[in-house]
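Right, one structure below, let's go through it.
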Amino acid sequence: MAVNLHYALGVSLKNTTDLNGLLLAAKHDKDIIYIDEADDLKLQVPLYLALDQRKIILSGGNSGRSPMSVPLADFTLLLSTNHDHSLLPALRDRMKMVLYLPFYSEEELTEILARRCRALKWHVEAGVLPMIAPRSKGTPRQALRLLSAARRVARSEGESVLTTHHLLRAFNLEGLDKLGLTRVEQKYLRILAEGDNRLNVIAGRLGLPPRTVSQVIESFLLRANLICKDDQSRRQLTALGREHLASLCSEGD
(Lines give C-alpha, C1' and ligand atoms only; values in the text may rest on other atoms or scores of the structure.)
Protein backbone atom coordinates (compact mmCIF):
# COMPACT_ATOMS: atom_id res chain seq x y z
CA MET A 1 0.00 0.00 0.00
CA ALA A 2 3.09 2.25 0.14
CA VAL A 3 2.12 3.69 3.54
CA ASN A 4 3.70 3.78 6.99
CA LEU A 5 3.02 0.94 9.44
CA HIS A 6 3.02 1.64 13.18
CA TYR A 7 3.10 -1.52 15.30
CA ALA A 8 2.58 -2.08 19.03
CA LEU A 9 1.68 -4.85 21.43
CA GLY A 10 -1.42 -4.23 23.51
CA VAL A 11 0.45 -4.90 26.74
CA SER A 12 3.09 -2.27 25.87
CA LEU A 13 0.50 0.54 25.87
CA LYS A 14 0.46 1.10 29.62
CA ASN A 15 -0.98 4.61 29.83
CA THR A 16 -2.64 7.32 27.76
CA THR A 17 0.74 8.83 26.91
CA ASP A 18 1.76 5.56 25.22
CA LEU A 19 -1.56 5.32 23.38
CA ASN A 20 -1.56 8.95 22.28
CA GLY A 21 2.03 8.60 21.05
CA LEU A 22 1.02 5.65 18.87
CA LEU A 23 -2.05 7.41 17.45
CA LEU A 24 -0.11 10.60 16.70
CA ALA A 25 2.71 8.63 15.05
CA ALA A 26 0.31 8.08 12.14
CA LYS A 27 0.88 11.49 10.62
CA HIS A 28 -0.52 10.77 7.16
CA ASP A 29 -3.91 9.66 5.95
CA LYS A 30 -4.02 5.95 5.10
CA ASP A 31 -1.17 5.14 7.51
CA ILE A 32 -1.74 1.85 9.33
CA ILE A 33 -1.71 1.33 13.10
CA TYR A 34 -1.51 -2.33 14.09
CA ILE A 35 -2.08 -3.39 17.72
CA ASP A 36 -1.27 -7.06 18.26
CA GLU A 37 -2.60 -9.03 21.26
CA ALA A 38 -5.30 -6.38 21.58
CA ASP A 39 -6.99 -8.27 24.43
CA ASP A 40 -4.10 -7.10 26.67
CA LEU A 41 -4.86 -3.47 25.92
CA LYS A 42 -6.08 -1.75 29.10
CA LEU A 43 -6.94 1.50 27.33
CA GLN A 44 -9.79 0.28 25.17
CA VAL A 45 -12.18 3.07 26.21
CA PRO A 46 -9.76 5.93 25.32
CA LEU A 47 -9.02 4.15 22.04
CA TYR A 48 -12.61 3.88 20.85
CA LEU A 49 -13.35 7.44 22.01
CA ALA A 50 -10.42 8.65 19.91
CA LEU A 51 -11.76 6.69 16.93
CA ASP A 52 -15.20 8.22 17.34
CA GLN A 53 -14.01 11.79 17.74
CA ARG A 54 -11.00 11.49 15.41
CA LYS A 55 -9.03 13.48 17.97
CA ILE A 56 -7.32 13.12 21.31
CA ILE A 57 -7.38 15.46 24.28
CA LEU A 58 -4.05 16.38 25.83
CA SER A 59 -4.33 17.65 29.39
CA GLY A 60 -2.39 20.67 30.54
CA GLY A 61 -0.87 18.68 33.39
CA ASN A 62 0.46 20.72 36.31
CA SER A 63 1.18 23.73 34.14
CA GLY A 64 -2.32 25.09 34.54
CA ARG A 65 -2.87 25.23 30.79
CA SER A 66 -6.23 24.27 29.33
CA PRO A 67 -6.59 20.82 27.72
CA MET A 68 -5.70 20.83 24.02
CA SER A 69 -7.53 18.96 21.26
CA VAL A 70 -5.30 17.34 18.64
CA PRO A 71 -6.89 15.99 15.43
CA LEU A 72 -5.90 12.53 14.22
CA ALA A 73 -5.01 11.50 10.70
CA ASP A 74 -7.41 9.29 8.77
CA PHE A 75 -5.43 6.15 9.57
CA THR A 76 -6.46 2.50 9.33
CA LEU A 77 -6.55 0.62 12.64
CA LEU A 78 -5.90 -3.12 12.76
CA LEU A 79 -6.42 -5.18 15.92
CA SER A 80 -5.55 -8.84 16.27
CA THR A 81 -6.28 -11.22 19.12
CA ASN A 82 -6.93 -14.86 19.93
CA HIS A 83 -9.42 -13.79 22.61
CA ASP A 84 -11.91 -11.43 21.01
CA HIS A 85 -14.28 -11.98 23.96
CA SER A 86 -11.81 -9.90 26.01
CA LEU A 87 -12.39 -6.87 23.80
CA LEU A 88 -15.03 -4.42 24.96
CA PRO A 89 -18.14 -4.71 22.76
CA ALA A 90 -18.01 -0.95 22.19
CA LEU A 91 -14.55 -1.32 20.65
CA ARG A 92 -15.21 -4.55 18.77
CA ASP A 93 -18.41 -3.17 17.24
CA ARG A 94 -16.54 -0.16 15.88
CA MET A 95 -14.39 -2.34 13.67
CA LYS A 96 -15.62 -2.08 10.08
CA MET A 97 -14.57 -5.68 9.39
CA VAL A 98 -14.21 -8.65 11.74
CA LEU A 99 -12.28 -11.56 10.23
CA TYR A 100 -11.82 -14.97 11.81
CA LEU A 101 -8.71 -16.47 10.25
CA PRO A 102 -8.38 -20.24 9.80
CA PHE A 103 -5.36 -22.26 10.82
CA TYR A 104 -2.66 -22.70 8.18
CA SER A 105 -2.83 -25.56 5.72
CA GLU A 106 0.03 -28.03 5.35
CA GLU A 107 0.95 -26.47 1.99
CA GLU A 108 1.12 -22.99 3.53
CA LEU A 109 3.22 -24.24 6.44
CA THR A 110 5.61 -25.97 4.05
CA GLU A 111 6.07 -22.71 2.13
CA ILE A 112 6.70 -20.80 5.39
CA LEU A 113 9.37 -23.34 6.33
CA ALA A 114 10.94 -23.11 2.87
CA ARG A 115 11.15 -19.32 3.15
CA ARG A 116 12.82 -19.60 6.55
CA CYS A 117 15.38 -22.05 5.19
CA ARG A 118 16.15 -19.78 2.25
CA ALA A 119 16.51 -16.77 4.53
CA LEU A 120 18.90 -18.58 6.88
CA LYS A 121 20.67 -20.42 4.03
CA TRP A 122 19.94 -23.79 5.62
CA HIS A 123 20.42 -26.78 3.33
CA VAL A 124 17.51 -29.20 3.67
CA GLU A 125 16.99 -32.60 2.06
CA ALA A 126 13.96 -32.88 -0.22
CA GLY A 127 10.94 -34.26 1.60
CA VAL A 128 11.88 -32.96 5.04
CA LEU A 129 9.65 -29.87 5.16
CA PRO A 130 6.43 -31.69 4.13
CA MET A 131 7.05 -34.04 7.08
CA ILE A 132 7.05 -31.13 9.53
CA ALA A 133 3.81 -29.51 8.38
CA PRO A 134 1.39 -32.30 9.50
CA ARG A 135 2.92 -32.22 12.98
CA SER A 136 2.61 -28.43 13.36
CA LYS A 137 -1.08 -28.26 14.36
CA GLY A 138 -1.71 -25.56 11.77
CA THR A 139 0.59 -23.11 13.56
CA PRO A 140 3.69 -21.52 11.96
CA ARG A 141 5.56 -21.03 15.24
CA GLN A 142 5.17 -24.73 15.98
CA ALA A 143 6.46 -25.62 12.51
CA LEU A 144 9.46 -23.30 12.88
CA ARG A 145 10.20 -24.70 16.33
CA LEU A 146 10.32 -28.25 14.95
CA LEU A 147 12.53 -27.09 12.10
CA SER A 148 14.95 -25.56 14.60
CA ALA A 149 14.89 -28.74 16.70
CA ALA A 150 15.86 -30.83 13.68
CA ARG A 151 18.57 -28.31 12.82
CA ARG A 152 20.04 -28.68 16.31
CA VAL A 153 20.13 -32.46 15.89
CA ALA A 154 21.97 -32.06 12.57
CA ARG A 155 24.52 -29.68 14.09
CA SER A 156 25.07 -32.00 17.08
CA GLU A 157 26.03 -34.72 14.59
CA GLY A 158 28.33 -32.38 12.68
CA GLU A 159 26.11 -32.32 9.59
CA SER A 160 25.40 -29.23 7.48
CA VAL A 161 22.46 -30.71 5.55
CA LEU A 162 19.22 -31.35 7.43
CA THR A 163 17.91 -34.83 6.53
CA THR A 164 14.92 -37.00 7.41
CA HIS A 165 17.16 -38.83 9.88
CA HIS A 166 17.69 -35.61 11.85
CA LEU A 167 14.02 -34.76 11.68
CA LEU A 168 12.84 -38.16 12.92
CA ARG A 169 15.43 -38.01 15.68
CA ALA A 170 14.02 -34.65 16.79
CA PHE A 171 10.47 -36.04 16.73
CA ASN A 172 11.58 -39.02 18.79
CA LEU A 173 13.31 -36.83 21.38
CA GLU A 174 10.09 -34.87 21.88
CA GLY A 175 7.86 -37.93 21.66
CA LEU A 176 5.77 -36.53 18.81
CA ASP A 177 3.52 -38.75 16.75
CA LYS A 178 2.40 -38.23 13.14
CA LEU A 179 -0.17 -35.59 14.19
CA GLY A 180 2.30 -33.76 16.39
CA LEU A 181 0.71 -35.00 19.62
CA THR A 182 3.00 -34.89 22.62
CA ARG A 183 3.40 -37.74 25.10
CA VAL A 184 0.92 -36.00 27.43
CA GLU A 185 -1.70 -35.71 24.67
CA GLN A 186 -1.17 -39.35 23.77
CA LYS A 187 -1.63 -40.32 27.42
CA TYR A 188 -4.85 -38.27 27.46
CA LEU A 189 -6.20 -40.39 24.59
CA ARG A 190 -5.21 -43.60 26.35
CA ILE A 191 -7.10 -42.52 29.47
CA LEU A 192 -10.25 -41.97 27.40
CA ALA A 193 -9.76 -45.34 25.71
CA GLU A 194 -10.62 -46.84 29.11
CA GLY A 195 -13.98 -45.04 29.08
CA ASP A 196 -15.64 -41.62 29.17
CA ASN A 197 -14.33 -39.39 31.92
CA ARG A 198 -14.65 -35.96 33.49
CA LEU A 199 -12.08 -33.18 33.30
CA ASN A 200 -11.02 -33.29 36.95
CA VAL A 201 -10.39 -37.03 36.81
CA ILE A 202 -8.35 -36.76 33.61
CA ALA A 203 -6.37 -33.83 35.01
CA GLY A 204 -5.63 -35.79 38.18
CA ARG A 205 -4.32 -38.75 36.22
CA LEU A 206 -2.20 -36.49 34.04
CA GLY A 207 -0.88 -34.62 37.08
CA LEU A 208 -1.87 -31.27 35.58
CA PRO A 209 -4.24 -28.48 36.67
CA PRO A 210 -7.71 -28.83 35.09
CA ARG A 211 -7.36 -25.41 33.44
CA THR A 212 -4.13 -26.48 31.72
CA VAL A 213 -5.85 -29.60 30.41
CA SER A 214 -8.95 -27.77 29.16
CA GLN A 215 -7.16 -24.79 27.60
CA VAL A 216 -3.90 -26.34 26.41
CA ILE A 217 -4.19 -30.12 26.04
CA GLU A 218 -7.77 -30.36 24.80
CA SER A 219 -7.65 -27.43 22.38
CA PHE A 220 -6.08 -29.30 19.47
CA LEU A 221 -7.67 -32.65 20.34
CA LEU A 222 -11.12 -31.10 19.97
CA ARG A 223 -10.19 -29.22 16.80
CA ALA A 224 -8.75 -32.37 15.25
CA ASN A 225 -11.97 -34.25 16.16
CA LEU A 226 -10.05 -36.78 18.24
CA ILE A 227 -12.25 -36.18 21.29
CA CYS A 228 -15.68 -34.74 22.01
CA LYS A 229 -17.87 -33.92 25.02
CA ASP A 230 -21.27 -35.33 25.92
CA ASP A 231 -24.17 -33.43 27.52
CA GLN A 232 -22.61 -33.85 30.98
CA SER A 233 -19.23 -32.53 29.73
CA ARG A 234 -17.65 -35.94 30.00
CA ARG A 235 -14.83 -36.39 27.53
CA GLN A 236 -15.12 -39.13 24.92
CA LEU A 237 -12.92 -40.57 22.20
CA THR A 238 -14.29 -40.12 18.70
CA ALA A 239 -13.98 -42.75 16.00
CA LEU A 240 -11.06 -40.77 14.60
CA GLY A 241 -9.47 -40.68 18.04
CA ARG A 242 -9.76 -44.45 18.40
CA GLU A 243 -8.30 -44.91 14.94
CA HIS A 244 -5.35 -42.70 15.76
CA LEU A 245 -4.77 -44.44 19.08
CA ALA A 246 -4.85 -47.81 17.34
CA SER A 247 -2.20 -46.58 14.89
CA LEU A 248 -0.01 -45.56 17.81
CA CYS A 249 -0.38 -49.00 19.35
CA SER A 250 0.52 -50.71 16.08
CA GLU A 251 3.57 -48.51 15.68
CA GLY A 252 4.59 -49.41 19.23
CA ASP A 253 4.30 -53.08 18.39
Side-chain angles (χ1 to χ4, degrees), residues 9 36-37 80-83 100-193 202-203 206-209 211-227 237-238 240-253:
L9 285 170
D36 196 7
E37 305 294 348
S80 65
T81 176
N82 288 325
H83 310 284
Y100 290 91
L101 305 181
F103 287 88
Y104 286 76
S105 68
E106 293 183 11
E107 293 75 15
E108 290 169 330
L109 289 170
T110 300
E111 177 56 30
I112 290 171
L113 292 168
R115 287 204 303 265
R116 176 59 61 90
C117 290
R118 289 194 295 269
L120 297 178
K121 295 181 171 56
W122 288 358
H123 301 290
V124 181
E125 188 180 79
V128 167
L129 302 185
M131 292 177 63
I132 297 177
R135 293 169 170 84
S136 303
K137 300 179 178 177
T139 309
R141 62 177 175 271
Q142 174 79 346
L144 295 171
R145 186 186 69 78
L146 293 176
L147 176 66
S148 296
R151 169 70 172 174
R152 288 193 296 272
V153 171
R155 292 184 63 186
S156 72
E157 297 181 358
E159 301 289 343
S160 59
V161 179
L162 200 159
T163 68
T164 55
H165 160 75
H166 304 128
L167 186 61
L168 293 175
R169 175 64 176 154
F171 292 159
N172 183 60
L173 288 171
E174 297 197 22
L176 298 183
D177 63 20
K178 62 184 180 182
L179 293 182
L181 301 188
T182 64
R183 291 186 178 94
V184 174
E185 291 166 322
Q186 295 168 35
K187 184 177 180 181
Y188 181 109
L189 296 182
R190 292 189 178 97
I191 291 173
L192 285 191
I202 298 171
L206 290 175
L208 295 172
R211 189 171 182 179
T212 298
V213 175
S214 64
Q215 296 188 5
V216 179
I217 305 300
E218 292 182 341
S219 177
F220 177 73
L221 299 179
L222 286 165
R223 176 159 57 88
N225 195 29
L226 298 173
I227 66 171
L237 269 184
T238 64
L240 193 60
R242 294 186 183 280
E243 180 182 328
H244 182 67
L245 194 55
S247 70
L248 293 179
C249 294
S250 63
E251 289 174 4
D253 294 340

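These numbers come from the heavy atoms of this one structure, side chains and all, not from hydrogens, waters or symmetry mates.
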Checking side-chain contact (heavy atoms from CB on, under 4.5 Å) between I227 and each of I202, L192, L240, which is the one that passes?
L192
To the nearest 0.5 Å, what is the distance between OH on Y104 and OG1 on T110?
13.5 Å
So K187 and T182, side chain to side chain contact (heavy atoms under 4.5 Å, CB included) or not? Walk me through it.
CA-CA 9 Å; K187 184 177 180 181; T182 64; over 6 Å; no
For the backbone of R183 and the side chain of E174, can you confirm whether one donor and one acceptor N or O come within less than 3.5 Å of each other?
no
Can you run down the side-chain hydrogen bond (donor to acceptor under 3.5 Å, both in side chains) pairs that involve residues 127-139, sequence neighbours left out, and say none if there aren't any?
K137-E185
For the CG atom of L237 and the CD atom of E243, what is their distance to the nearest 0.5 Å?
12.0 Å
For residues 113-132, please give each side-chain donor-acceptor pair under 3.5 Å, one per line with the distance, not counting sequence neighbours.
unit_1	atom_1	unit_2	atom_2	d
R118	NH2	E111	OE2	3.2
E125	OE1	T164	N	3.3

Does the side chain of V153 reach to within under 4.5 Å of the side chain of L173, using non-hydrogen atoms?
yes
S214: what forms a side chain to side chain donor-acceptor pair (under 3.5 Å) with it, not counting sequence neighbours?
none
For R190, what residues pass the salt bridge (Lys or Arg N to Asp or Glu O under 4.0 Å) criterion, not counting sequence neighbours?
none
Start with the C-alpha gap between D177 and H244, add the side-chain angles, then the distance that decides, and say whether side chain to side chain contact (heavy atoms under 4.5 Å, CB included) holds.
CA-CA 10 Å; D177 63 20; H244 182 67; 2.8 Å; yes
Considering only heavy atoms from C-beta outward, does the side chain of L208 approach that of V216 to under 4.5 Å?
no
What pairs of residues pass the salt bridge (charged side-chain N to carboxylate O under 4.0 Å, His left out) test when at least one of them lies in residues 213-227, not counting sequence neighbours?
E218-R235
Hey, are the side chains of K178 and S247 touching, using non-hydrogen atoms and a 4.5 Å cut-off?
yes
Note, T81 side chain near D36 side chain (heavy atom, < 4.5 Å)
no
For L167 and L146: C-alpha separation, side-chain torsions, deciding distance, then whether side chain to side chain contact (heavy atoms under 4.5 Å, CB included) applies.
CA-CA 8 Å; L167 186 61; L146 293 176; 5.5 Å; no
Answer yes or no: are there more than 12 heavy-atom neighbours, outside F171 itself, under 6.0 Å from its atom CZ?
yes
For the atom pair CG (L206) and OG1 (T212), what is the distance rounded to the nearest 0.5 Å?
10.5 Å
Donor-acceptor contact present, side-chain E108 to main-chain S105, <3.5 Å:
yes
Can you tell me how far the OG1 atom of T238 sits from the CG atom of L222, to the nearest 0.5 Å?
9.5 Å
For residues 157-173, the salt bridge (charged side-chain N to carboxylate O under 4.0 Å, His left out) pairs (sequence neighbours left out) are none
Which is it for L181 and L221 under the side chain to side chain contact (heavy atoms under 4.5 Å, CB included) test, yes or no, and what are the steps along the way?
CA-CA 9 Å; L181 301 188; L221 299 179; 3.9 Å; yes
